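Everything numeric here is computed off the predicted structure, so don't read it as measured data.
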Amino acid sequence: MTDILLSLCSSCAGERDIEAERAALRAALDRAGLSARVGLAEHPCFGACEAPVAIALQGAGRASYVFSDLDPVGDAADIAATCRLYLDSPAGWIQDARDCGRLRLCLLARIPALSS
């Protein structure tokens, strides 16, 4: 079981190589030492169809994030850095996104964790 889930939109339009995207993300997570803590999944449509490709970050008791207008291969290192920051932030609430690299400019939605 992983701490958080990184979901890759599987239905975003455009010329894509999902296998290469998955491989780049796994390699970046591995280089960052996050493979055991970050699960990678695919899910169709995060509602960011105007600016594909989209990803989402989720975790129990954590805020949820949706990022759009990404190149999962080219942005893989920034995605891994964002996962690290997300894991290190209280309740997943990222206050200073500078360490996210280009992803700080691609945020589509940030949803607070549910209160119990």
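Between Pro52 and Asp69, the closest side-chain pair of non-hydrogen atoms is not below 4.5 Å. Between Thr2 and Arg37 there is no side-chain heavy-atom pair separated by less than 4.5 Å. The shortest side-chain heavy-atom distance between Val53 and Ser68 does not fall under the 4.5 Å cut-off. The side-chain heavy atoms of Leu57 and Ser64, taken from C-beta on, include no pair separated by under 4.5 Å. Considering only heavy atoms from C-beta on, Thr82 comes within 4.5 Å of Phe67 through its side chain. The shortest side-chain heavy-atom distance between Ile55 and Val66 does not fall under the 4.5 Å cut-off.
The backbone N or O of Tyr86 lies less than 3.5 Å from a partner atom in the side chain of Arg62, making a donor-acceptor pair. Ser10 contributes no side-chain N or O that, together with a main-chain N or O of Glu42, makes up a donor-acceptor pair within less than 3.5 Å. In this structure, the side chain of Arg104 engages the main chain of Gly101 through a donor-acceptor pair within 3.5 Å. Of the possible donor and acceptor atoms, none in the side chain of Asp78 sits under 3.5 Å from a partner among the backbone N and O of Leu103.
For the pair Arg102 and Asp71, the tightest heavy-atom approach, listed with the atom from each and the gap, is NH2-N, 4.0 Å. Here the shortest heavy-atom pairing between Ile4 and Gly59 reads CG2-CA, 4.3 Å. In this structure, Leu108 and Gly47 approach most closely via the heavy-atom pair CD2-O, 4.5 Å. Contact between Ala54 and Cys12 at its shortest, heavy atoms only, is N-SG, 3.4 Å. Minimum interatomic distance between Ala77 and Ala28 (heavy atoms only, all atoms of both residues): N-CB, 4.1 Å. Between Leu5 and Ala41, the shortest heavy-atom distance links the atoms CD1-CB, 3.8 Å.
To the nearest 0.5 Å, the span separating SG on Cys83 from CG on Leu34 amounts to 6.5 Å. Interatomic distance, Asp99 CG to Ile94 CD1, rounded to the nearest 0.5 Å: 9.5 Å. The CZ atom of Arg26 sits 13.5 Å away from the CZ atom of Arg31 when rounded to the nearest 0.5 Å. Atoms CD1 and SG, on Ile18 and Cys9 in that order, are 7.5 Å from each other to the nearest 0.5 Å. The structure places SG of Cys106 at 6.5 Å from CG of Asp75, a figure rounded to the nearest 0.5 Å. Summarising the geometry, atom CZ belonging to Phe46 is positioned 4.5 Å from atom OG belonging to Ser7; distances are rounded to the nearest 0.5 Å.
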- For side chain to side chain contact (heavy atoms under 4.5 Å, CB included), just list the numbers for Val38 and Leu87, CA-CA rounded to whole Å, side-chain angles, deciding distance to a tenth of an Å, and then say yes or no. CA-CA 9 Å; Val38 180; Leu87 284 162; 4.1 Å; yes
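In this structure, Tyr65 and Trp93 have tilted ring planes: the angle between them lies in the 30° to 60° band.
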